[in-house]
Amino acid sequence: MGKVKINRMVCRHPSLFKAMWGATMGWLVMSVTNYFGYWLLPEMLDSFGMVILGCFGISLYLCFSDAIHSLVRQYKEELLSTTIPKITKYSLAVSFVVLLLYSMWKFSQVGDDPIDPTSNGAVSGIPRQVVGVVVACFIQAFIVSVFVYFISLFLKICFVQFAGRIRRIGIETLLGFGMIGYLIAFPNDSPYVNVIVVLIAMAFLYDIWRFADFQERLLTVGDIKRELENASKKE
């Protein structure tokens, strides 16, 4: 099957989407103007922005979750092929082994008195701790594999199976997370970095607004009354 173009998706909660989109745009404008005027502390704006972005991300899930689930159900056979399950299984196995070896190495560095004099040279408390390490590694590896599963599904939806505006949003999302990771690892206030961040954010806000379809909405009491009046007039 060829790639399917997806340029719009039904937004389940238009009011929520518009409110959070406007709040994000307002924070972005405040950040740009504050760069020239310094009316607020940049740290305060950054903290406020992280809250705004987190809420915006949650609102996007609430607004588009039904459309995405419907898309996955419709193209389930193509999306959930053997590739994604294999990647998930390999990530589970590899992450478990790596985490187990790392935990064992850390465990071997802790304490200089593993021998209990009353146990005739037996190692005291090791089995219980080893079981705890193994269980913790399984839980962490499971979390990693779930994360890899959703990343694989995201990449397949945005770059492999579908085309159109959904791909542009996928690219902008990856660039945005890449810039967040870069700024966490290398904090700086370079104007070039700030320009790149603003351009990515503006492109994402533009595309996500064009991507949202506000046409479908729940019927209100007034809508139902008008429909009944129109039907009675036709009769």
Side-chain angles (χ1 to χ4, degrees), residues 5-72 146-147 150-151 153-155 157-159 162-223:
K5 277 193 174 183
I6 298 181
N7 291 315
R8 295 180 73 82
M9 269 191 176
V10 175
C11 180
R12 186 181 177 188
H13 304 289
S15 298
L16 175 63
F17 175 88
K18 293 175 181 178
M20 293 310 306
W21 189 93
T24 307
M25 177 62 76
W27 166 74
L28 187 63
V29 172
M30 286 174 58
S31 300
V32 173
T33 55
N34 190 71
Y35 185 80
F36 298 98
Y38 290 104
W39 298 295
L40 297 173
L41 290 175
E43 294 79 8
M44 183 185 299
L45 269 177
D46 292 342
S47 301
F48 183 63
M50 292 304 294
V51 175
I52 289 282
L53 292 177
C55 294
F56 189 35
I58 295 173
S59 69
L60 289 180
Y61 174 77
L62 295 175
C63 291
F64 295 108
S65 58
D66 285 354
I68 293 174
H69 293 164
S70 176
L71 188 71
V72 172
V146 170
F147 178 75
F150 282 109
I151 289 296
L153 187 60
F154 170 80
L155 293 176
I157 288 176
C158 293
F159 300 100
F162 304 105
R165 194 174 296 275
I166 194 171
R167 176 177 293 181
R168 293 175 56 179
I169 292 175
I171 294 173
E172 291 153 3
T173 302
L174 291 179
L175 290 175
F177 279 112
M179 290 304 301
I180 291 174
Y182 173 78
L183 291 175
I184 291 175
F186 308 101
N188 64 77
D189 196 31
S190 170
Y192 301 105
V193 174
N194 292 335
V195 168
I196 293 173
V197 171
V198 170
L199 290 177
I200 293 173
M202 292 295 293
F204 177 80
L205 289 174
Y206 171 78
D207 283 323
I208 200 68
W209 180 272
R210 296 294 303 271
F211 188 70
D213 186 358
F214 305 124
Q215 293 182 1
E216 293 193 14
R217 58 188 178 88
L218 297 176
L219 290 176
T220 63
V221 176
D223 294 331

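Heavy-atom basis, side chains included; hydrogens, waters and symmetry copies ignored.
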Open item on the list: Run the side-chain contact (heavy atoms from CB on, under 4.5 Å) test on I6 and I157 for me, step by step, so that the C-alpha distance in whole Å, both residues' side-chain angles and the decisive distance to 0.1 Å come before the verdict.
Closed with: CA-CA 10 Å; I6 298 181; I157 288 176; over 6 Å; no

So, for [X] and [Y], which heavy atoms are closest and what is the spacing to 0.1 Å?
{"X": "F214", "Y": "P14", "answer": "CD2-CB, 3.7 Å"}
{"X": "L205", "Y": "W21", "answer": "O-NE1, 2.9 Å"}
{"X": "A67", "Y": "M9", "answer": "CB-SD, 3.9 Å"}
{"X": "F154", "Y": "L174", "answer": "CE2-CD2, 3.8 Å"}

Would you say the side-chain atoms of [X] pair up with the backbone N or O of [Y], donor to acceptor, closer than 3.5 Å?
{"X": "N7", "Y": "R165", "result": "yes"}
{"X": "W27", "Y": "M50", "result": "no"}
{"X": "S65", "Y": "Y61", "result": "yes"}
{"X": "R8", "Y": "A212", "result": "yes"}

If you round to the nearest 0.5 Å, how far is [atom2] of [Y] from [atom1] of [X]?
{"X": "I169", "Y": "F64", "atom1": "CD1", "atom2": "CZ", "value": "7.0 Å"}
{"X": "L175", "Y": "I180", "atom1": "CG", "atom2": "CD1", "value": "11.5 Å"}
{"X": "I52", "Y": "S47", "atom1": "CD1", "atom2": "OG", "value": "12.0 Å"}
{"X": "R168", "Y": "Y206", "atom1": "CZ", "atom2": "OH", "value": "7.0 Å"}
{"X": "I208", "Y": "T24", "atom1": "CD1", "atom2": "OG1", "value": "11.0 Å"}
{"X": "I200", "Y": "T173", "atom1": "CD1", "atom2": "OG1", "value": "10.5 Å"}

Which residues pass the side chain to side chain contact (heavy atoms under 4.5 Å, CB included) test with [X], not counting sequence neighbours?
{"X": "M202", "result": "M25, L28, V198"}
{"X": "S59", "result": "L16, M20, F56"}
{"X": "F36", "result": "V32"}

TODO: Would you indicate whether the side-chain heavy atoms of M44 and F48 approach each other to under 4.5 Å?
DONE: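 In short, these two side chains do not touch, never coming nearer than 4.5 Å.
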
Task: Any side-chain heavy-atom pair of F162 and R167 under 4.5 Å - done: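 A side-chain contact is absent here, since even the closest heavy-atom pair is not under 4.5 Å.
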
Open item on the list: Using side-chain contact (heavy atoms from CB on, under 4.5 Å), reason through D66 and V10 one step at a time and then give a plain yes or no.
Closed with: CA-CA 8 Å; D66 285 354; V10 175; over 6 Å; no

Open item on the list: Can you tell me if F150 has over 12 outside heavy atoms packed within less than 6.0 Å of its CZ?
Closed with: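 Check fails, neighbour count at 12 or below.
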
Task: Aromatic ring pairing W209/F17, orientation class (parallel under 30°, perpendicular over 60°, tilted between) - done: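 Tilted, since the angle between the ring planes falls between 30° and 60°.
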
